[in-house]
Asks: 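What follows is a single structure, and I will ask about it in a moment.
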Number of protein chains: 2
Amino acid sequence: MSTATEHEDPRRARSRASVLEAAIAILRESGQPGLTIEAVAARSRVAKTTIYRHFADRDELHIAALQAAAPEIRMPRTDDVVHDVVGFCVALNDKLQHTEFGSVLATAIDGAERSESLAEILAGVGAERRRALDERLRLAQQAGALAADLDVGMLNSQLVGPLFFRRFISRQATSSAFVAEHVQMVLSPRLQEATIATAAGGGERSRSTR
Amino acid sequence: MSTATEHEDPRRARSRASVLEAAIAILRESGQPGLTIEAVAARSRVAKTTIYRHFADRDELHIAALQAAAPEIRMPRTDDVVHDVVGFCVALNDKLQHTEFGSVLATAIDGAERSESLAEILAGVGAERRRALDERLRLAQQAGALAADLDVGMLNSQLVGPLFFRRFISRQATSSAFVAEHVQMVLSPRLQEATIATAAGGGERSRSTR
DNA sequence: TCGTTTCGCTACGGGAGCGTAGCGATAGGA
DNA sequence: TCCTATCGCTACGCTCCCGTAGCGAAACGA
């Protein structure tokens, strides 16, 4: 959100970065109950008073940490919907399983049950990540690859839902191969003969070995 | 696990029940950080010392509360797979959204990241609920309604994953109608002409569209 | 009825974390 | 250069929670 034009005292920026880094590490290692101002102060080597100068309370810090930990997830852009969505979901799954993003997200789930602000961020962080997915799916609709009357929101949940479920609830290992197969299984029955409908989209170039 | 044959002092049973009830209420209202022995003692009107006589520490109490809050979810048994799975998923979604089970589950997600025992229970509680689903899907396979080479585990994740995702991550309202449509959307492409395919492997039943 | 189990109560020492105040030191920017 | 924003540090009072000890009372079961 913050534009690069903002003049921020480099000292503030440094403190803030140190604090957030420490907060994320703590959330990963000790979870939500471990996120205390004192612990963050000790770990970040930033004085407790300084932390209070940046964040009003624990919730605010938690939210900032969550935002800071949210990674970018690239959406490939070829003319093959399946290929693109597979790439996106594999990347998402990877972030969930092998980065601090997964752990930090877990700490926010409980908090979101009671904190309105955390809930917004939690949904928002996810929404932002999935917006690219939404757009890609709609694009496919316009290109005729997907039926126009398809509920994109529902499809979105069907695509990413299982990834979150397996990461946080059933706690099953989920390989990239599994994700790829899953996405294909979900999308395949929705595909239409795109080659005909596109008209201006130029034939299929994709494939890319599933 | 506990057979009815066990002779348990009714006083112990009563204390335990009161404590668990209070713990669940606290988890719902204040989340994992609110679950302190003292809070449970105050709310349940059971002496703190007595709670320690039942549960070694907070984690043990948390686990017991999670198990106590896990509801039964009925799997209808008709010869229509889609109908049955819709019924199951609608019931599951309802428990997730309108009972304390949802809240308590949320408190366990973060804890499971670090507590081996909580993780087991979390996955176990879910697994037990989904076992009926697994069985029903396999039954459909045997009846020829679903392809025999279908990955039941994957299908399971695809069916229930979105429900959990929408409840805990994206926090979208999810009506029974939505769930029904979702299940139909997922299952329909997998259905086969049961009457024909049963024969004993019949010619091409494959599908797979890769 | 009588022994056993379970309970509630009070009290305690100790630790962790909160959030604030007041201070001098120093790194920025103009 | 000089002013200001920001920092680190120490200290504080306060609250919450932990986990245990010791006691008498009451409920249970045989």
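Values below: all heavy atoms of this structure, side chains included; hydrogens, waters and symmetry mates excluded. Throughout, a chain's letter reflects where its sequence line sits, starting with A, and its residues are numbered from 1.
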Asks: Send over the distance from A:R16 CZ to D:dT6 P, rounded to a whole Å.
Replies: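 Nearest whole value for this atom pair: 14 Å.
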Asks: What pairs with B:R114 under salt bridge (charged side-chain N to carboxylate O under 4.0 Å, His left out), at least two apart in sequence or on another chain?
Replies: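 For B:R114, the residues satisfying salt bridge (charged side-chain N to carboxylate O under 4.0 Å, His left out) (neighbours in sequence not counted) are B:D110.
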Asks: Identify every side-chain donor-acceptor pair in residues 36-47 of chain B under 3.5 Å, counting partners at least two apart or on other chains, and give the distances.
Replies:
unit_1, atom_1, unit_2, atom_2, d
B:T36, OG1, B:A39, N, 3.0
B:E38, OE2, B:K48, NZ, 2.7
B:R43, NH1, B:E29, OE1, 2.9
B:R43, NH1, B:E29, OE2, 3.4
B:R43, NH2, B:E29, OE2, 3.2
B:S44, OG, B:V40, O, 2.7
B:S44, OG, B:V46, N, 3.2

Asks: Can you tell me the distance, in whole Å, between the CG atom of B:D57 and the C1' atom of D:dG19?
Replies: 11 Å
Asks: What residues form a salt bridge (charged side-chain N to carboxylate O under 4.0 Å, His left out) with B:R28, not counting sequence neighbours?
Replies: none
Asks: For B:R130, enumerate each residue passing the salt bridge (charged side-chain N to carboxylate O under 4.0 Å, His left out) test, keeping only those at least two apart in sequence or located in another chain.
Replies: none
Asks: In whole angstrom, what separates A:R45's CZ from D:dG8's P?
Replies: 11 Å
Asks: Return the minimal non-hydrogen interatomic distance between B:Q141 and B:A147, and the atom names on each side.
Replies: NE2-O, 2.9 Å
Asks: What's the angle between the local helix axes at either end of the helix from C:dT1-D:dA30 to C:dA30-D:dT1, using five pairs per end and rounding to 10 degrees?
Replies: 40°
Asks: Counting primed atoms plus P, OP1 and OP2 as sugar-phosphate and everything else as base, spell out the protein contacts along nucleotides 20-30 of chain D at 4.0 Å heavy-atom distance: B, S or - for each nucleotide, 5' to 3'.
Replies: BB----BBSS-
Asks: With sequence neighbours left out, write down each residue that passes salt bridge (charged side-chain N to carboxylate O under 4.0 Å, His left out) with B:D84, or none if nothing qualifies.
Replies: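 B:D84: salt bridge (charged side-chain N to carboxylate O under 4.0 Å, His left out) contacts with B:R136.
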Asks: Taking side-chain hydrogen bond (donor to acceptor under 3.5 Å, both in side chains) as the definition, give me every residue that meets it alongside A:Q158, ordered by chain and number, with sequence neighbours left out.
Replies: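 If we apply the side-chain hydrogen bond (donor to acceptor under 3.5 Å, both in side chains) test to A:Q158, skipping adjacent residues, the hits are B:H182.
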Asks: Hey, can you pull the residues of residues 25-43 of chain A with a non-hydrogen atom under 4.0 angstrom from DNA chain C?
Replies: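 Hits under 4.0 Å, by residue number: A:T36, A:I37, A:E38.
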Asks: Expressed in angstrom and rounded to an integer, what is the separation of A:I51 atom CD1 from D:dT6 atom P?
Replies: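 So the two atoms are 16 Å apart, to the nearest Å.
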Asks: With a distance cut-off below 6.0 Å to the six-membered ring centre and an angular limit of 45° from the axis, does B:R166 pair with B:F178 as a cation-pi contact?
Replies: yes
Asks: In whole angstrom, give the distance that lies between atom CZ of B:R12 and atom C1' of C:dT4.
Replies: 14 Å
Asks: A:H54 NE2 to D:dA5 P: how many Å, rounded?
Replies: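 In whole Å, D:dA5 P and A:H54 NE2 are 15 Å from each other.
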Asks: Can you tell me which residue pairs pass the salt bridge (Lys or Arg N to Asp or Glu O under 4.0 Å) test with a partner in residues 69-81 of chain B, sequence neighbours excluded?
Replies: B:R77-B:E135
Asks: Going by ring-ring contact (aromatic ring centres under 6.0 Å, His included), name the pairs with one or both residues in residues 58-92 of chain B, residues two or more places apart or in two chains.
Replies: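 As it turns out, there is no ring-ring contact (aromatic ring centres under 6.0 Å, His included) pair with a partner in residues 58-92 of chain B once direct neighbours are skipped.
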Asks: Look at the side-chain N and O atoms of B:S15 and state whether any lies under 4.0 Å from the OP1 or OP2 oxygen of C:dC7.
Replies: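 Yes, within the criterion.
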Asks: Which residues pass the side-chain hydrogen bond (donor to acceptor under 3.5 Å, both in side chains) test with B:S117, sequence neighbours left out?
Replies: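 So B:S117 forms a side-chain hydrogen bond (donor to acceptor under 3.5 Å, both in side chains) with B:S115.
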